[in-house]
J.: 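Provided herewith is a single structure, encoded as structure tokens, for subsequent inquiry.
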Amino acid sequence: MGSDLIDLKGVGPALVSKLKKLKIFSQYDLLFLLPTRYEDKTSLKNISALVPGEKSLIQGRIILTTVVYRGRRMLISQLSDDTGIITLRMFHFSKQQAKQLAENTIVRCFGQTRKTTSGLEMIHPEYQIINPEKPIPLETGLTPIYPTTEGLQQGRLRKIIRAALEQQMDSIPELLPRSIVKELGLLPLKEALQEIHQPSQKNTINDHENLFRKRLIIEELLANQLALKRLKRQTKKESAKSLATALLKELLISALPFELTKSQSRVVEEIEEDLKKNHPMMRLLQGDVGSGKTIVAALAMLIAVGSKQQAALMAPTELLAEQHFDNLVSWFEPLGVSVGLLKSKLPAKNRREMYAGLAEGRIDVIVGTHALFQPDVVYKNLALVVVDEQHRFGVEQRLSLMKKSSDRHSIPHQLIMTATPIPRSLAMTAYGDLDASIIDELPKGRGDIQTIIVPEEKRAQVMEKIVKECKVGRQSYWVCPLIEESEELNFQAAESTYTLLQEKLRQLNIGLVHGKLNSAKKIKAMERFKHGNTNVLVATTVIEVGVDVANASVMVIENAERLGLTQLHQLRGRIGRGKHQSLCVLIYKKPLSSIAKKRLAAIRGSNDGFVIAEKDLQLRGPGELLGTRQKGLIGLRIADIMRDAYLLPEINKLTVNIEENHPHAIEELVHRWVGDQLEYRNV
Ligand code: ADP
Ligand code: MG
């Protein structure tokens with residue numbers, strides 16, 4: 001039996017192409033798709049014993065199913081077991097589903113319980129129809145939840161990962177030299193993978209110091225370090241076009257309605273120096289939320305355009321791409337610089353035109369998501385790539401960018417921008433291949449942000465506050481972040497808050513944006529908020545990065561105790577952009593652990609991203625739960641640079657050791673954890 005995906009039972013060509021999106025090309029890759037968390041579906045709960053806010057597994061008989069219209073169409077079912085009744089509510093459903101949930105059907109549901117005035121309910125639970133003749137056994141172990149992609153269900157993914165484990169367990173190569181495994185007392189790779197995918201112990205698997213987990217964390221950090229060092233060596237050898245025409249840049253600066261801050265000017269100079277050279281710039285621009293990174297990027301791009309070259313700006317989401325596009329158009333069009341927006345879902349004709357414009361050089365500056373760097377996009381002369389919000393952008397992506405030059409002898413300059421300030425002590429580990437610039441001041445004239453911490457019982461008071469703010473014309477975000485990587489699951493929480501606010505705040509217009517909406521709908525919801533048509537925008541963390549609405553003055557964040565400090569700070573950065581005094585409300589669920597208390601206090605105590613990052617580093621460490629992992633700060637799968645910082649001295653030694661004594665191991669380690677892009681320039 002080979003290790004090709006297609007050889008796995010239940011895997012056909014359609015699935016293979018979905019897996020490609022997750023960078024999974026072989027059965028081995030499947031084994032390294034690691035769960036982000038686990039769910040406990042090992043026992044059924046009585047409906048009478050359900051606790052609002054908690055996720056539980058229940059089973060019962062449908063006593064009523066009906067489609068109703070209350071502001072929007074919804075499917076309502078009532079489920080009863082011997083102990084009580086609960087309502088299941090769905091906003092997105094098919095006729096088929098409505099039929100399936102007919103009276104007397106036995107259904108097993110998993111979802112978050114919420115309490116309403118009319119009783120308990122679950123919004124969009126996962127459910128399974130149970131045939132009483134053939135009852136389905138309960139799970140015997142914890143259910144791993146994997147990062148997934150559109151159209152690929154967890155259940156399906158779990159099944160094939162299980163199959164891959166069975167097939168490949170015995171042939172999965174141990175890449176770490178035996179002497180190192182022994183010296184560090186590491187568990188064998190096989191055991192670690194087995195336990196991570198199919199935990200045998202319920203209580204300790206979420207602990208990041210769990211030895212199984214640690215084994216994988218160490219290997220990943222090591223691979224990442226090896227990749228960075230190699231990348232740095234390689235880029236030093238590359239050449240790039242020297243860009244040095246500053247006229248357009250000067251014109252834009254004089255046309256701006258504001259003056260650049262000192263930091264912004266300094267950073268622009270640093271970038272200018274880099275661009276003059278005929279080696280590629282590899283610069284990281286760190287600047288707190290709202291510090292004004294976009295204009296710096298715009299000025300850099302004008303230097304490229306002035307030198308008759310193209311520039312590209314890549315954003316992490318379509319939402320942000322759209323926003324950048326609007327900004328750039330307003331800055332660039334008066335200068336005669338043409339800007340394009342490459343959306344992922346363009347009609348074929350427009351796409352062809354866009355591609356032709358890029359290939360023929362009619363478009364000077366292009367904005368988009370990673371779609372900018374699909375293989376079929378060809379540039380006439382791309383000389384500068386700006387990547388916004390690098391925390392969704394790891395080494396692998398940086399590598400793939402290098403392929404994008406039209407000229408085989410030079411590669412584009414790269415500017416990578418992030419609002420995630422990393423403590424200096426970690427910067428080398430996170431971004432060892434980059435030079436760093438920092439914007440360390442905010443533009444003048446911003447209103448203050450006050451941060452308060454409230455238990456969820458006081459939600460009603462928070463709503464009153466929002467009504468007040470909206471009355472004087474301000475707007476508010478209400479963020480429902482769960483910590484899953486999968487937007488599929490995240491949207492349940494947003495939907496349920498949306499419903500609640502619609503019920504309670506009838507005098508206000510409530511908007512909703514989450515990952516399950518298609519991108520046109522998302523953009524529309526954002527536009528409505530931006531133009532003041534909605535007062536309150538309920539959102540998942542899709543708004544975490546970059547969204548800029550100066551009139552928004554309140555930010556409510558649910559489940560605040562479960563989020564990383566950086567993420568909280570990012571979210572809070574969506575307000576305080578205008579001159580008004582702003583308020584950030586962190587809602588938590590009791591009881592708060594002592595570490596959670598300290599974290600929330602740290603956020604309340606400072607508005608400075610670097611101070612918060614240092615604090616974050618101090619507060620991380622033993623006992624921390626898996627869920628608070630920074631979402632892929634630098635594209636890592638299981639490690640977290642901050643949380644696992646205590647391992648770094650060891651990792652650095654290990655990196656040198658491998659480079660000196662086991663160089664043959666590097667290739668495969670990097671391939672396994674970082675991806676296969678490295679081979680490209682490995683000549
Ligand atoms: P971020 O660094 O978070 O990406 P943005 O680039 O979105 O921040 O800038 C936030 C807001 O501040 C934008 O509306 C931008 O036009 C404005 N801005 C940027 N630089 C300045 C400045 N020097 N003075 C005043 N406003 C500025
Ligand atoms: Mg930004």
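These numbers come from the heavy atoms of this one structure, side chains and all, not from hydrogens, waters or symmetry mates. Please read all numbers here as calculations on a predicted model, not as lab measurements. Indexing begins at 1, ligand by ligand and atom by atom, following the structure's order.
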J.: Which atoms of ligand 1 sit under 4.0 Å from any heavy atom of Thr261?
T.: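 Listed by number with element, the hits are 23 (N).
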
J.: Would you please name every residue forming a side-chain hydrogen bond (donor to acceptor under 3.5 Å, both in side chains) with Tyr498, sequence neighbours left out?
T.: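 Here the qualifying residues are Gln502.
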
J.: Between ligand 1 and Trp331, is the shortest N or O to N or O distance under 3.5 Å?
T.: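 No; every N/O pair is 3.5 Å or more apart.
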
J.: If the cut-off is 4.0 Å to any non-hydrogen atom of Arg577, which atoms of ligand 1 fall inside it?
T.: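 So the answer, numbered in order with elements, is 3 (O), 7 (O), 10 (C).
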
J.: Quick one: which ligand 1 atoms are inside 4.0 Å of a heavy atom on Glu259?
T.: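 Counting from 1, the qualifying ligand atoms are 22 (C), 23 (N), 24 (N).
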
J.: NZ of Lys277 to OG of Ser242: how many Å apart, nearest 0.5 Å?
T.: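 Reported value, rounded in 0.5 Å steps: 10.5 Å.
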
J.: Between Gln264 and ligand 1, find which residue part has any heavy-atom pair under 4.0 Å and reply side chain, backbone, both or neither.
T.: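 Near ligand 1, Gln264 shows its side chain, while the N, CA, C and O stay back.
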
J.: Between Asp288 and ligand 1, which residue portion shows a heavy-atom distance shorter than 4.0 Å: side chain, backbone, both, or neither?
T.: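 Near ligand 1, Asp288 shows its backbone, while the atoms from C-beta on stay back.
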
J.: Check each atom of ligand 1 against the heavy atoms of Thr294 and keep those under 4.0 Å away; list them by number with element.
T.: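 Listed by number with element, the hits are 4 (O), 5 (P), 6 (O), 7 (O).
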
J.: Quick one: are Leu302 and Phe332 in side-chain contact, heavy atoms under 4.5 Å?
T.: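 Touching, per the 4.5 Å side-chain cut-off.
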
J.: Applying side chain to side chain contact (heavy atoms under 4.5 Å, CB included) between Ile603 and each of Leu565, Ile453, Leu563, report the one that passes.
T.: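 Result: among Leu565, Ile453, Leu563, Leu565 is the only option passing the side chain to side chain contact (heavy atoms under 4.5 Å, CB included) with Ile603.
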
J.: Closer than 4.0 angstrom, basic N to acidic O: yes or no for Arg599 and Glu561?
T.: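 The answer is no: the pair does not qualify as a salt bridge.
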
J.: Can you name the atoms of ligand 1, numbered from 1 with element, that are less than 4.0 Å from a heavy atom of Gly290?
T.: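 Under 4.0 Å from Gly290, ligand 1 has these atoms: 1 (P), 2 (O), 3 (O), 8 (O).
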
J.: So, does Gly287 sit close enough to ligand 1 that a heavy atom of it is under 4.0 Å from the ligand?
T.: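 It does not, in that no heavy atom of Gly287 comes within the 4.0 Å cut-off of ligand 1.
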
J.: Does any N or O atom in Pro443 lie less than 3.5 angstrom from one in ligand 1, N or O only?
T.: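 Among all N and O atoms of Pro443, none is under 3.5 Å from an N or O of ligand 1.
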
J.: Is the contact between Leu260 and ligand 1 made by the side chain, the backbone, both, or neither, using heavy atoms and a 4.0 Å cut-off?
T.: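 For Leu260, the contact with ligand 1 is made by the backbone alone.
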
J.: Could you list which atoms of ligand 1 come closer than 4.0 Å to a heavy atom of Gly292?
T.: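 Under 4.0 Å from Gly292, ligand 1 has these atoms: 1 (P), 2 (O), 5 (P), 6 (O), 8 (O), 9 (O), 19 (C).
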
J.: I need the Leu382 CG to Gln310 CD distance, nearest 0.5 Å.
T.: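 If I round to the nearest 0.5 Å, the distance is 6.5 Å.
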
J.: Just checking, is any N or O donor in the side chain of Ser338 or Arg362 under 3.5 Å from an acceptor N or O on the other one?
T.: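 No donor-acceptor contact under 3.5 Å links the two side chains.
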
J.: Scan for salt bridge (Lys or Arg N to Asp or Glu O under 4.0 Å) pairs involving residues 245-268, sequence neighbours excluded, and state none if there are none.
T.: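 Matches after skipping sequence neighbours: Lys249-Glu272, Arg266-Glu270.
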
